[in-house]
Number of protein chains: 2
Amino acid sequence: MRRAKTTAAKTAIPKSRRRRAPVAVPKPYHHGDLRRVLIDAALQLVGESGPDAVSVREAARRAGVSPGAPFRHFASRDALMQAVAEEAQRRFRAEIDAALSEAPAGDPLARFRALGMAYLRWAMRNPTHFEIISSRRFFDHDNAEGLSADNAELIELTGRTLAEAFALGQLRAVDLKAVQIAGRALVYGFARMNIDGHFPRWGVDGTEAERTAAAIIDLFIEGIAKQG
Amino acid sequence: MRRAKTTAAKTAIPKSRRRRAPVAVPKPYHHGDLRRVLIDAALQLVGESGPDAVSVREAARRAGVSPGAPFRHFASRDALMQAVAEEAQRRFRAEIDAALSEAPAGDPLARFRALGMAYLRWAMRNPTHFEIISSRRFFDHDNAEGLSADNAELIELTGRTLAEAFALGQLRAVDLKAVQIAGRALVYGFARMNIDGHFPRWGVDGTEAERTAAAIIDLFIEGIAKQG
DNA sequence: CAATCTGTGTAATCGGTGATTACATTCACA
DNA sequence: TGTGAATGTAATCACCGATTACACAGATTG
């Protein structure tokens, strides 16, 4: 397992004054809200260097706490990662919901498009956080209650939107399940290409990535829409 | 993945008679082709438990060699992973080329479809090996000569095929670059969904995965083809 | 107010890992 | 035949996740 290093500069407080702390409150024995601080530190690490750079020890270091302390709050590294993923997922959902609330209520296909756009916009701007909620390898998604529920909800939402579009005669295709999976594969694949560093070899640089994202979503929608 | 064997029971042979091994060939000091054996061991590990399960020590264990020995052949774990990826890529290309050689020469769109099908068939059947050649995280792709060249070649091939299809009036869309990237995102996304364990929550099980793959490729091609 | 209980942090330690170094052994070739 | 380049071994290092015994602090209760 590749991890980060850092080595962190060793505060080195003399053990002599442990009993009374006479001057300059040198940091209380009990941390205010270590759990929250650890999650924030891990979120920051994910943002800086990706999920693989997260180590329990480094999070503890950044929280100014001993290497064993985090295990009072998280049974394992995976449990910490899961908490991080849940926070990231919360933000992701907020973006989706915001975009959806601005989309025209009576045009399901436009809403479907807005869904895809919001999905990719967040994924492109937060690739490392997107990775942690999408990849199976950081923790057991089956034990992640909220995460699974949220995902199912999103799948249900896109399915319903697509069904409404079909009912309104906006779609040419009939196999809606295939359309839905294809749509998901398209956006997920695009987001993954970004994460996995494929864009340079496709001549797509950062500035045009979001524009390209819009282009492929529109291409896809033209492909499934009536008289595209 | 604990405790294979090794440790060798110390034997405690006096150094005096090391030169002649009188009975029962005690295993030669020099391995036949350690480099090759290490790659094979790592390939096997990747196939069994995924790229993350590969450790230099475990590969050494399986090769019956000391933990430091592999470093004579690979400067780092990443270098070993790169060698593994190159072997996997070779097999992947073989599958693509075979499929292409069976596709109708005069029908570029059909060839494009065959390309996508071969891509997904191999990816679905060798998910862990596919992952190692696709993900940036196991080694530095920039230093992987053959890999990059191979990828560029494949991109060039699909681009050319698409251009031929357009020249023959098989395509409705005009932005071929967007079509190409969308196509890649589609198949890569589908392969990634499989790797990342998304299919269970989409109600797609192993037996129908390849069928679904065919369905979304056909859906995509209908979307870009003239009078789909 | 004092005793105690419970939660939370520390220190020490374990086994696994990648990596480096000094040394041992072989093999190929001059 | 001897010698040097290849290649394997042994010992060691730092870092990691994880566990355990212990220290401390805050709340509860007599």
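None of these values were measured; they are calculated from a predicted model. Chain letters run A, B, ... following the sequence lines, proteins first and then strands; every chain starts at 1.
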TODO: Can you see which heavy atom on Pro127(A) is nearest to which on Arg125(A), and at what distance?
DONE: CD-C, 3.3 Å

Open item on the list: Please give me the minimum heavy-atom distance between Leu162(B) and Val179(B), naming the atom from each residue.
Closed with: CD2-CG1, 3.8 Å

Rounding to an integer number of Å, can you tell me how far [X] [atom1] sits from [N] [atom2]?
X: Phe74(A); N: dT19(D); atom1: CZ; atom2: P; value: 16 Å
X: Leu80(A); N: dC16(D); atom1: CG; atom2: P; value: 14 Å
X: Leu45(A); N: dC16(D); atom1: CG; atom2: P; value: 11 Å
X: Asp52(A); N: dC15(D); atom1: CG; atom2: C1'; value: 16 Å
X: Asp78(B); N: dA19(C); atom1: CG; atom2: C1'; value: 12 Å

TODO: Check the angle between the aromatic planes of Phe199(A) and Phe190(A) and answer parallel, tilted or perpendicular using the 30° and 60° thresholds.
DONE: tilted

Residue [X], side-chain atoms from C-beta onward, closest of [options]:
X: Val65(B); options: dG9(C), dT7(D), dT9(D); value: dT9(D)
X: His73(A); options: dA18(D), dT8(C), dC16(D); value: dT8(C)
X: Arg72(A); options: dA19(C), dT13(C), dT10(C); value: dT10(C)
X: Arg77(B); options: dG17(D), dG18(C), dA18(D); value: dG18(C)

- [ ] State yes or no: are the ring centers of Phe71(A) and His73(A) separated by less than 6.0 Å?
- [x] no

Open item on the list: Between Phe92(B) and His129(B) (judged by ring centroids, cut-off 6.0 Å), do the two rings come close enough to count as a pair?
Closed with: no

Open item on the list: Would you say that more than 12 heavy atoms from the other residues, nucleotides or ligands in this model lie under 6.0 Å from the CD of Glu145(B), or not?
Closed with: no

- [ ] Name the residue closer to the 5' end of DNA chain C, choosing between Val56(B) and Asp33(A) according to the nucleotide with the nearest heavy atom.
- [x] Asp33(A)

Open item on the list: If you assign Phe71(B) and Leu34(A) each to the DNA chain C nucleotide with the nearest heavy atom, which residue ends up on the more 5' nucleotide?
Closed with: Leu34(A)

- [ ] Determine the contact category for Ser55(B): base if any of its heavy atoms lies under 4.0 Å from a base atom, sugar-phosphate if only primed atoms, P, OP1 or OP2 are that close, otherwise nothing.
- [x] sugar-phosphate

- [ ] Starting from Watson-Crick (N1-N3 plus N6-O4 or O6-N4) and G-U wobble pairs under 3.5 Å, report the runs of at least three that DNA chain C belongs to.
- [x] C:1-30 with D:1-30

Open item on the list: Less than 3.5 Å apart, any donor N or O on the side chain of Thr207(B) or Asp205(B) sitting next to an acceptor on the other?
Closed with: yes

Task: Any N/O donor-acceptor pair, Arg57(B) side-chain to dG16(C) base, under 3.5 Å - done: no

